Amino acid sequence: MDSLRALLVLRPGLRVADLGCGSGHLGRLLWPALAPGGHIDGFDADPAQIVAARGLASPGARFEEADARCVPRPAQSYDRVVCQALLVHQARPEEVVREMVRLTRPGGLVAVVEPRWPSRTRHPATDPAMEAMGSRVATVAAAAAVRAGLGDWSVADRLPALFRDHGLEAVRTWVHPGLVAVPAGVTGTGEQRLLRALTHPVEEVAEEQLQGSLAADVCAPAELQAVASYRGRVRAARRDGLRAGSWWEWREHPLVVCVGTRGAV
């Protein structure tokens, strides 16, 4: 994300921490602006993600298993502290923001990238009525997730307040449209590969099953079954269309970028 690199005022030699780093995707985006002399430390609580990150690591990047709420580094260790799609999964996102501030030196920057829910999609198999029903299920599931302590899917719009509550200054917010558009017949392009990554069946099915379980107390079984059946048909149509080169898809999932400066202690 060129805009994030610009907002972070990156330059060679900076020390960056990436919390909830996953496989190191965000770090790899930032790394070119930090060389030579800089380094990125990635932290994630999932050991499998750390293994994946190490396998894809850029020079100057190190990865370690650690909880984002309690990173084993001294206070003020980094010039920039970042995370992407982490707070949305936290029951208490303020605990992660507090840790990010602790790790940042005075004058350094804290940056968070979080998805703004809900997303919107259009494709040849789109059924507006079923999309509306699926949106209702997802809305119910989002509220249940908060009650169950599984995270706050609407945290993106609260980022400026979270930053200011923890003493960050000069808070800036920017919204990336998160738009992916794939025209019919396009094969082998970066956009096509990105579409496949965004619609990975295992991850997609797991998310749908979570939504269904969270919404089960409010939505009727027939409604949940209809939504699950529709989403299964869409996955099948997408698979066949991608193979035939006839699939097109338009997906918008906005990302909110929030950046703040740590003031003098």
Side-chain angles (χ1 to χ4, degrees), residues 1-10 12-35 37-105 108-115 150-153 155-156 159 162-163 166 168 176 178 194 197-198 200 202-203 206-207 253 255-260 262:
M1 274 177 134
D2 291 336
S3 300
L4 178 58
R5 286 196 288 262
L7 285 168
L8 285 172
V9 197
L10 295 177
L14 291 181
R15 299 160 298 166
V16 176
D18 179 9
L19 306 194
C21 64
S23 63
H25 170 73
L26 182 57
R28 290 193 296 277
L29 288 177
L30 302 180
W31 170 249
L34 305 176
H39 73 258
I40 296 176
D41 287 343
F43 303 95
D44 200 285
D46 184 347
Q49 293 283 19
I50 294 300
V51 170
R54 288 172 177 166
L56 299 169
S58 304
R62 300 175 298 190
F63 299 94
E64 180 178 336
E65 185 179 344
D67 190 316
R69 298 167 297 180
C70 186
V71 174
R73 291 292 185 275
Q76 304 179 24
S77 290
Y78 297 98
D79 302 294
R80 307 287 187 267
V81 180
V82 301
C83 74
Q84 177 177 247
L86 173 64
L87 302 187
V88 70
H89 300 297
Q90 304 298 310
R92 297 182 59 82
E94 62 274 12
E95 294 178 350
V96 175
V97 175
R98 185 181 304 119
E99 181 69 349
M100 296 178 80
V101 174
R102 183 189 74 82
L103 292 168
T104 307
R105 66 167 178 79
L109 300 180
V110 172
V112 170
V113 183
E114 293 293 336
L150 298 177
D152 185 348
W153 300 355
V155 71
L159 292 177
L162 275 173
F163 273 36
H166 288 83
L168 292 169
H176 184 282
L194 179 57
L198 287 173
H200 191 284
V202 174
E203 296 175 2
E207 181 179 346
H253 200 160
L255 299 173
V256 177
V257 181
C258 192
V259 178
R262 178 172 182 176

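Fair warning: this is a prediction, and the values are worked out from it, not measured in the lab.
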Trainee: Hey, could you give me the CD1/OH distance between I40 and Y78, rounded to the nearest 0.5 Å?
Mentor: 11.0 Å

Trainee: Starting at CG of L103, measure out to CZ of R98 and round the result to the nearest 0.5 Å.
Mentor: 13.0 Å

Trainee: Going by heavy atoms in the side chains, are R15 and R105 under 4.5 Å from each other?
Mentor: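 Yes, at least one pair of side-chain atoms sits under 4.5 Å.
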
Trainee: Within the side chain of R262, is there an N or O that forms a donor-acceptor pair under 3.5 Å with the backbone of V101?
Mentor: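 At least one qualifying donor-acceptor pair exists.
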
Trainee: Does any non-hydrogen side-chain atom of V71 lie less than 4.5 Å from one of D41?
Mentor: no

Trainee: What are the two closest non-hydrogen atoms of F43 and A17, and how far apart are they?
Mentor: CE1-CB, 4.3 Å

Trainee: Any non-hydrogen side-chain atom of V112 less than 4.5 Å from a side-chain atom of M100?
Mentor: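 Yes. Closest side-chain heavy atoms under 4.5 Å.
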
Trainee: Would you find more than 12 non-hydrogen atoms of other residues, nucleotides or ligands less than 6.0 Å from R73 atom CZ?
Mentor: yes

Trainee: Within the side chain of Q90, is there an N or O that forms a donor-acceptor pair under 3.5 Å with the backbone of D152?
Mentor: no

Trainee: Please name the pair of heavy atoms, one in L19 and one in A68, separated by the smallest distance, quoted to 0.1 Å.
Mentor: CD1-O, 3.8 Å

Trainee: Is any side-chain heavy atom of W153 less than 4.5 Å from a side-chain heavy atom of P115?
Mentor: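 No. Closest side-chain heavy atoms not under 4.5 Å.
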
Trainee: Of all heavy-atom pairs between G24 and A53, which one has the smallest distance, and what is that distance?
Mentor: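 Answer, listing the atom of G24 first, then A53: N-CB, 4.0 Å.
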
Trainee: Any chance you could measure L159, atom CG, to L168, atom CG, to the nearest 0.5 Å?
Mentor: 11.0 Å

Trainee: Between R102 and E99, does any NZ, NE, NH1 or NH2 come within less than 4.0 Å of an OD or OE carboxylate oxygen?
Mentor: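 A salt bridge links E99 with R102.
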
Trainee: Go through the structure and list residues passing salt bridge (Lys or Arg N to Asp or Glu O under 4.0 Å) with E65, not counting sequence neighbours.
Mentor: none

Trainee: Ignoring hydrogens, what is the shortest heavy-atom contact between G42 and C21? Give both atom names and the distance.
Mentor: C-SG, 3.6 Å

Trainee: Would you give the length of the straight line joining atom CZ of F63 to atom CG of L56, rounded to the nearest 0.5 angstrom?
Mentor: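 If I round to the nearest 0.5 Å, the distance is 8.5 Å.
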
Trainee: Is there a donor-acceptor contact under 3.5 Å from the side chain of E114 to the main chain of L87?
Mentor: yes

Trainee: Taking A45's backbone N and O only, do any of them form a donor-acceptor pair with D67's side chain (distance below 3.5 Å, no angle check)?
Mentor: no

Trainee: I'd like to check V16 versus V82 (side-chain heavy atoms, cut-off strictly below 4.5 Å). Are they in contact?
Mentor: yes

Trainee: Would you mind reporting whether L162 and V155 have side-chain heavy atoms less than 4.5 Å apart?
Mentor: yes

Trainee: Would you please name every residue forming a side chain to side chain contact (heavy atoms under 4.5 Å, CB included) with D46, sequence neighbours left out?
Mentor: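 With neighbours one apart ignored, the set is D44, A48, Q49.
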
Trainee: Check whether R80 reaches the backbone of L8 with its side chain - one donor and one acceptor, N or O, closer than 3.5 Å.
Mentor: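 Pair found, side chain donor or acceptor close to backbone of L8.
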
Trainee: Using the side chain to side chain donor-acceptor pair (under 3.5 Å) criterion, which residues pair with R28? Sequence neighbours excluded.
Mentor: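 R28 satisfies side chain to side chain donor-acceptor pair (under 3.5 Å) with no other residue.
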
Trainee: How about C83 and L26: do any of their side-chain heavy atoms sit closer than 4.5 Å?
Mentor: no

Trainee: Quick check: closest heavy atoms across L7 and L109, and the distance to 0.1 Å?
Mentor: O-CD1, 3.8 Å

Trainee: Determine the minimum heavy-atom distance between E95 and R69, stating which atoms define it.
Mentor: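 Heavy-atom minimum between the residues: OE1-CD, 3.2 Å.
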
